[in-house]
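Values below: every heavy atom of this structure, side chains too, minus hydrogens, waters and symmetry copies. Here is the naming used below: chain letters follow the sequence lines, and residue numbers restart at 1 for every chain.
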Number of protein chains: 2
Amino acid sequence: MRSEDIARLAGVSRSTVSRVINNYSNVPEKTRAKVMKVIEENHYEPNTSARVLAGKGMNTIGLFVISTADKQNPNRIYQNNYFAPFVETIVDTVNRMGYYVLIHTVYSEDDFLKVKQAFLQKRIDGGIIIGMEKNAGMVHAIAKLELPFVLIDYDIAELLEHRLDKDYAAVINSKDYEGAAMAVRYLIELGHEHIGMISGRLNTHSGRQRYQAFLETMQEHGLEVPEELILGGEFIRQKAYEEVKQLLVSGKRPTALFSANDEMALGAMDACRELGLQIPGDISIAGFDDIPVASQLSPALTSVRLPIYEMSQAAAHHIVKMCEEGSTSFSTVSFPTQLIVRETCAEPK
Amino acid sequence: MRSEDIARLAGVSRSTVSRVINNYSNVPEKTRAKVMKVIEENHYEPNTSARVLAGKGMNTIGLFVISTADKQNPNRIYQNNYFAPFVETIVDTVNRMGYYVLIHTVYSEDDFLKVKQAFLQKRIDGGIIIGMEKNAGMVHAIAKLELPFVLIDYDIAELLEHRLDKDYAAVINSKDYEGAAMAVRYLIELGHEHIGMISGRLNTHSGRQRYQAFLETMQEHGLEVPEELILGGEFIRQKAYEEVKQLLVSGKRPTALFSANDEMALGAMDACRELGLQIPGDISIAGFDDIPVASQLSPALTSVRLPIYEMSQAAAHHIVKMCEEGSTSFSTVSFPTQLIVRETCAEPK
DNA sequence: GTGAAAGCGCTAACAT
DNA sequence: ATGTTAGCGCTTTCAC
């Protein structure tokens with residue numbers, strides 16, 4: 001069924017049908033009602049491709065989840081406690097604004113081509129990109145398309161440096177530095193001096209911020225951080241488990257560990273438990289992200305809460321706004337994080 | 001940049017550009033190379049809407065996750081251990097086949113309108129629907145659209161009854177009855193006679209199958225199931241926790257509990273722990289779905305593994321096949337489930 | 001082997 | 001207030 005069929009059945013022209021569909025003001029109520037009746041009776045819906053070709057928007061937002069790190073793992077993104085809630089909130093929010101969501105996962109540079117194609121082929125009006133590692137080339141490639149996009153968790157300085165602060169771009173971040181500093185200060189105030197860190201991927205904005213915050217906060221308090229107490233866990237539980245186990249076995253044991261995310265804190269807890277260490281008796285552990293299980297563990301994990309809901313909502317609202325009003329100007333927001341004190345940290349013995 | 005621009009730059013006609021893009025055989029290698037060079041140099045990608053309007057497919061699959069149950073809960077689908085892996089695998093598989101995925105969550109009948117619109121507006125070539133509760137009306141509405149769709153976890157008998165076994169429809173199920181029966185038999189063989197069940201939503205295909213299997217298996221073994229031992233948990237952890245707690249407090253305590261999903265088994269474990277009951281010493285618990293945490297709990301949860309990966313892959317391959325080859329014929333697959341014995345079940349005292 | 005031209009279903013500027 | 005018409009960018013018959 002096409003608009004012409006509706007026109008015929010309603011005894012009007014296609015233009016009038018179009019006017020009714022697009023809510024033009026100059027259609028008398030009577031005509032509108034007549035046309036609407038036919039439309040509803042026939043369950044008519046205008047063909048999206050035709051509308052787009054004639055100048056309307058697709059009413060679709062692209063949501064791209066970049067996960068170039070754990071290609072090998074079959075369970076990757078949605079079971080990932082970091083990405084899942086972002087995806088969920090963004091999809092729901094965008095849906096509620098009457099937009100559809102085209103979702104695509106990116107595990108390689110090849111997949112990344114698909115992101116560019118989605119824009120170039122005009123499948124989407126704009127896109128949200130999450131999990132992007134520091135990569136001026138890729139961001140530049142996106143910016144060149146001159147279509148609205150929002151980056152979640154990306155280094156603004158990096159963008160400015162490469163003059164990528166375009167009018168159709170926006171960045172939504174959380175205050176990871178602040179949150180990590182809070183957690184580390186908390187440990188220091190408990191009396192810890194030998195604090196280790198399990199860092200995440202450092203080419204990720206949040207990963208680097210959390211790492212820097214740790215280093216600088218320690219320094220501010222005049223505390224040393226021996227190299228062997230900096231563990232690289234790549235945000236992955238298993239990796240952290242292995243690193244922590246190795247550290248503990250080596251005998252060079254810190255009194256506390258700050259982990260760049262909760263998944264790795266879980267890995268650390270696994271290692272401690274295996275070696276018979278009490279948490280927080282023998283060693284304190286603090287995480288980041290405050291994933292749902294954090295509160296359900298025993299002992300419950302002290303962590304830094306990420307404002308995922310606020311960030312997702314902001315990203316969704318922002319991209320839709322940009323799509324509808326055209327570009328505004330380069331914009332940036334950082335949402336505050338919050339230290340959630342639970343049971344995994346105590347004074348050192 | 002449009003195909004006409006490419007044509008001009010390459011010194012050919014738009015038809016030839018189109019032939020190159022669509023891999024027509026009657027284009028000499030030389031012409032093809034010349035055109036391809038211009039296409040690549042200019043990062044040209046054909047406009048999807050125009051292609052669709054001219055008769056090509058959208059190359060997009062709709063993925064609709066129906067969750068009419070827990071509207072009130074802010075964290076719903078992706079953090080839901082049942083839906084998340086389906087979504088993940090389907091998106092990845094469909095992407096790998098060169099298709100895009102339009103994802104939409106459905107929390108109400110109103111949202112359901114969006115599903116129909118996605119089909120009617122020709123935004124998608126076909127759709128996968130997951131989490132659909134028994135609802136002939138809705139399925140009928142989808143079937144009326146006469147476009148390919150796959151239902152994951154739906155009662156085939158219901159479809160047949162309403163003559164909804166259309167050529168463009170398919171159903172992918174798991175053998176939930178078999179799996180539940182295995183779990184219950186296992187408990188019976190351990191010596192349990194007073195077994196309770198925490199049932200899920202019974203208007204869900206899998207929910208009902210698991211429930212029926214429990215009842216019938218008990219009956220086959222000549223075991224009574226007093227009404228008060230059938231708990232309704234709606235697949236929700238908190239609900240199960242409350243129901244189980246109430247049951248245990250009442251003193252009418254079963255020696256074992258079979259839960260229709262792991263989330264509820266977790267809730268049951270919470271309740272037992274709170275009341276100081278040992279698992280499996282005082283009470284045995286078996287779950288369903290084998291979600292990732294099941295193996296990490298202590299004691300590790302005995303559960304029935306759902307072939308989510310296989311089901312998702314089958315759904316993805318099937319829908320793409322239907323979109324490309326046109327309708328085949330009504331098809332149906334059921335993947336086997338598997339009992340994973342861990343530590344939460346033991347002989348009754 | 002390649003080009004010209006019609007047409008996919010819609011919107012919007014123009015005409016009345 | 002409503003109809004007529006010219007595109008939007010592509011694919012595809014039909015000619016040559």
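A:Tyr154 is linked by a ring-ring contact (aromatic ring centres under 6.0 Å, His included) to nothing, counting only residues two or more places apart in sequence or in another chain. For B:Leu113, the side-chain contact (heavy atoms from CB on, under 4.5 Å) partners are B:Lys116, B:Gln117, not counting sequence neighbours. The salt bridge (charged side-chain N to carboxylate O under 4.0 Å, His left out) test applied to A:Glu158 returns A:Lys134, not counting sequence neighbours. Judged as a side-chain contact (heavy atoms from CB on, under 4.5 Å), and not counting sequence neighbours, the contacts of A:Asn42 are A:Met1, A:Ile6, A:Leu9, A:Val38. Under the salt bridge (charged side-chain N to carboxylate O under 4.0 Å, His left out) criterion, B:Lys37 pairs with B:Glu41, not counting sequence neighbours. By the salt bridge (charged side-chain N to carboxylate O under 4.0 Å, His left out) test, B:Glu4 is found to be paired with B:Arg2, residues two or more places apart in sequence or in another chain being considered. Applying the ring-ring contact (aromatic ring centres under 6.0 Å, His included) rule to A:Phe149 yields no partners; only residues at least two apart in sequence or on another chain are considered.
Listed in residue order, the members of residues 17-29 of chain B having a heavy atom less than 4.0 Å from DNA chain D are B:Ser18, B:Arg19, B:Asn22, B:Tyr24. DNA chain C is contacted by no residue of residues 116-125 of chain A, taking any non-hydrogen atom closer than 4.0 Å. Residues from residues 32-62 of chain B with heavy atoms under 4.0 angstrom of DNA chain D, sorted by number: B:Tyr44, B:Pro46, B:Asn47, B:Ala50, B:Arg51, B:Leu53, B:Ala54, B:Lys56.
With A:Asp153 as reference, A:Thr204 is the one residue of A:Val171, A:Ile172, A:Thr204 to meet the side chain to side chain contact (heavy atoms under 4.5 Å, CB included) rule.
Surrounding NZ of B:Lys321 are at most 12 heavy atoms belonging to other residues, nucleotides or ligands under 6.0 Å away.
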B:Asn59 vs B:Arg51, test: side-chain hydrogen bond (donor to acceptor under 3.5 Å, both in side chains). Steps then yes/no. CA-CA 11 Å; B:Asn59 271 254; B:Arg51 300 191 85 191; over 6 Å; no
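Between its two ends, the helix from C:dG1-D:dC16 to C:dT16-D:dA1 turns its axis by 40°, counting five pairs per end and rounding to 10 degrees.
Considering only heavy atoms from C-beta on, B:Thr332 stays 4.5 Å or farther from B:Asn173 through its side chain.
A salt bridge (charged side-chain N to carboxylate O under 4.0 Å, His left out) check over residues 7-27 of chain B, counting only residues at least two apart or in different chains, returns the pairs B:Asp5-B:Arg8.
Dashed line: the shortest gap from a side-chain N or O of B:Ser3 to OP1 or OP2 of D:dC10 is under 4.0 Å. A:Ser15 has no side-chain polar atom (N or O) that falls below the 4.0 Å cut-off from OP1 or OP2 of D:dT2. For B:Thr31, a side-chain nitrogen or oxygen approaches OP1 or OP2 of C:dT2 to under 4.0 Å.
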